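Just below is one structure, and these are the notes that go with it.
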Amino acid sequence: MRIAVYGSGGREHALASAFAAHGHDVTAFPGNPGIAKIASISSGPFEEIEAELYVIGPEAPLVAGLADLLRSQGKLVVGPGRDGSQLEGSKAWMKEILASAKIPTASFRTFSDRESAVEHLKSYDGPYVIKTDGLAAGKGVLVTESREEAIRDVIEKLSGQAFGVAGTTVVIEEAMEGPELSLLVLCDGNKGVALAPAQDFKRVYDGDRGPNTGGMGAFSPVPNVGQDLVDLITSESIDPLIREFKRRGIDYRGVLYAGLMLTKQGPKIVEFNIRFGDPETQVVVPRVKNDLAQMLFEVASGKLETEPEFIAEAMVTVVLAAEGYPVSPRTGAVIRGAEDIDLDGVQIFHAGTKRAASGELVVGGGRVLNVTAKGRDLAAARKLAYESISGIYFENMQYRMDIALSASKVKDTYCG
Ligand code: AMP
Ligand code: GLY
């Protein structure tokens, strides 16, 4: 099958690799130097690529209506239209739809007015959770114990300084506690089929310290998260959402990313995204045994029939990020070693990389490379990932040392 992939991150590199490994012919726009080794690169426009299936990676083009444009030309597309994309495009809209579908989530209030928001923060003790309404690349969320910090954040967000128009409404919500879980669900408009669960590391520094990022690493499977829990999440959160979409006339064909917190009261939704997670895709997709392209073709056609099967081995990915990420990443550093690694079970997915005129690979964005390794269990996969990192260098490269660390110590990992 000829497949067009939109995007330039580690997620798109992982998707393109899986498609190419099953013999499909991939064209990517705009792609990256890693994708260029396994696929053709198009200079765009995306809708002019000739293909049987169009897979859109990031949220921004979906929110802007790219899937609608392609569908209006009769193309088969993985990704929701502008209507379903509001789920990620507006946190306020997402919370409202969760409430109408009675999906377990944190209680919340929405504010556009500074005085009422500050008054609300003064009405209870923390922790405080403040979210920018619109798209902010995973960086618009503050979780803090400090009321002063919360008030400063709300004032800054509502002034439009921090995230422009995207930030002029905020959602302030109840703080939840518990381990986080990411579930990527394929959805054909009528039903959702979950892929293997994964866990993501959102904060920039070890021990979950520092600001939130797009994600600094991930692993799959997740200890003690088995099919029964996946089934519970599907029946409590995924099925009701799809029913609510249908009730509102939204034909959602694409990936639903459920970000959950496993609280003492049960799994609760932190957020829904409208696409494959990054870096979760880098550990979930390589565990899919089936031809993922065929499943996505069924998703786009509104008839998902293939049941996914997963390899028993574990995957771990560690993000190598640029100096200054996530606040102000510095680009331009020369990357050494990344293209020389040839180890069994290791894949290096490119994200923020660029090919300089000299031919050298250089840092071109905040999250630069995803060092991804497979092992018989999380401990083995983790060891291999970190060993591989020792062969890669760029100036002031930063990464977390604790990706999958505590999970790798859990005995009897349930391979969900
Ligand atoms: P989001 O962009 O909504 O996924 O939020 C980013 C991160 O902030 C999440 O992965 C959580 O770690 C944290 N977070 C978001 N909402 C809450 C909440 N209600 N309670 C506690 N932590 C949260
Ligand atoms: N890893 C978080 C996200 O894709 O939004």
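One-based numbering along the sequence shown. Order of listing sets the numbers, starting from 1, for every ligand and every atom in it. Quick caveat: nothing in here was measured; it's all calculated off a predicted structure.
- On a distance-only criterion, V129 and ligand 1 share no N/O pair closer than 3.5 Å.
- When the heavy atoms of E271, K131, E180 are ranked by distance to atom 15 (C) of ligand 1, first place goes to K131.
- In the vicinity of A175, heavy-atom distances shorter than 4.0 Å reach the ligand 1 atoms 20 (N).
- Distances below 4.0 Å separate heavy atoms of N273 from the following atoms of ligand 2: 5 (O).
- The existence of a salt bridge linking K37 and E339 is confirmed by a sub-4.0 Å separation between a basic side-chain nitrogen and an acidic carboxylate oxygen.
- Counting the atoms of ligand 1 from 1 in the order shown, those under 4.0 Å from a heavy atom of M261 are 21 (C), 22 (N).
- Numbered from 1 in the order shown, with element, the atoms of ligand 2 that lie under 4.0 Å from a heavy atom of P279 read 1 (N).
- Between F29 and Y6, the two ring planes are perpendicular [angle over 60°; tilted spans 30° to 60°].
- Ligand 2 is never approached by F276 to a heavy-atom distance shorter than 4.0 Å.
- Within the set N212, D200, V319, T281, the minimum heavy-atom distance to atom 1 (N) of ligand 2 is found for D200.
- Residues G7 and P58 share a closest heavy-atom pair of CA-CD, 4.2 Å.
- Residue N212 touches ligand 1 through its side chain alone, judged by heavy-atom distances below 4.0 Å.
- Taking the six-membered ring where the residue is Trp, Y399 and Y386 present tilted rings, their angle falling between 30° and 60°.
- When each atom of ligand 1 is checked for a heavy atom of V270 under 4.0 Å away, the hits are 3 (O), 4 (O), 15 (C), 16 (N).
- Remark: among candidates Q282, E180, R275, the nearest residue to atom 5 (O) of ligand 2 is R275, based on non-hydrogen atoms.
- Side-chain contact check for R248 and S100: at least one donor-acceptor pair (N or O, by modelled atom type) lies under 3.5 Å.
- Salt bridge status for R2 with E52: present, with a side-chain N to carboxylate O gap under 4.0 Å.
- For E309, the side-chain contact (heavy atoms from CB on, under 4.5 Å) test picks out K289, N290, with sequence neighbours left out.
- Side chain of D188 to backbone of L304: a donor-acceptor contact under 3.5 angstrom is found.
- Distances shorter than 4.0 angstrom do not occur between any heavy atom of S182 and any atom of ligand 2.
- Considering backbone and side-chain atoms together, G277 places no N or O closer than 3.5 Å to any N or O of ligand 2.
- Close contacts between ligand 1 and K91 involve ligand atoms 1 (P), 2 (O), 3 (O) [criterion: under 4.0 Å to a heavy atom].
- Residue-environment remark: CD (E96) exceeds the threshold of 12 foreign heavy atoms within 6.0 Å.
- Closest to atom 21 (C) of ligand 1 by heavy atom, among K202, M176, K268, E173, is M176.
- Classified by interplanar angle (parallel below 30°, tilted 30° to 60°, perpendicular above 60°), the ring pair H120/F111 is tilted.
- Taking a 4.0 Å cut-off on heavy atoms, G215 fails to register as neighbouring ligand 2.
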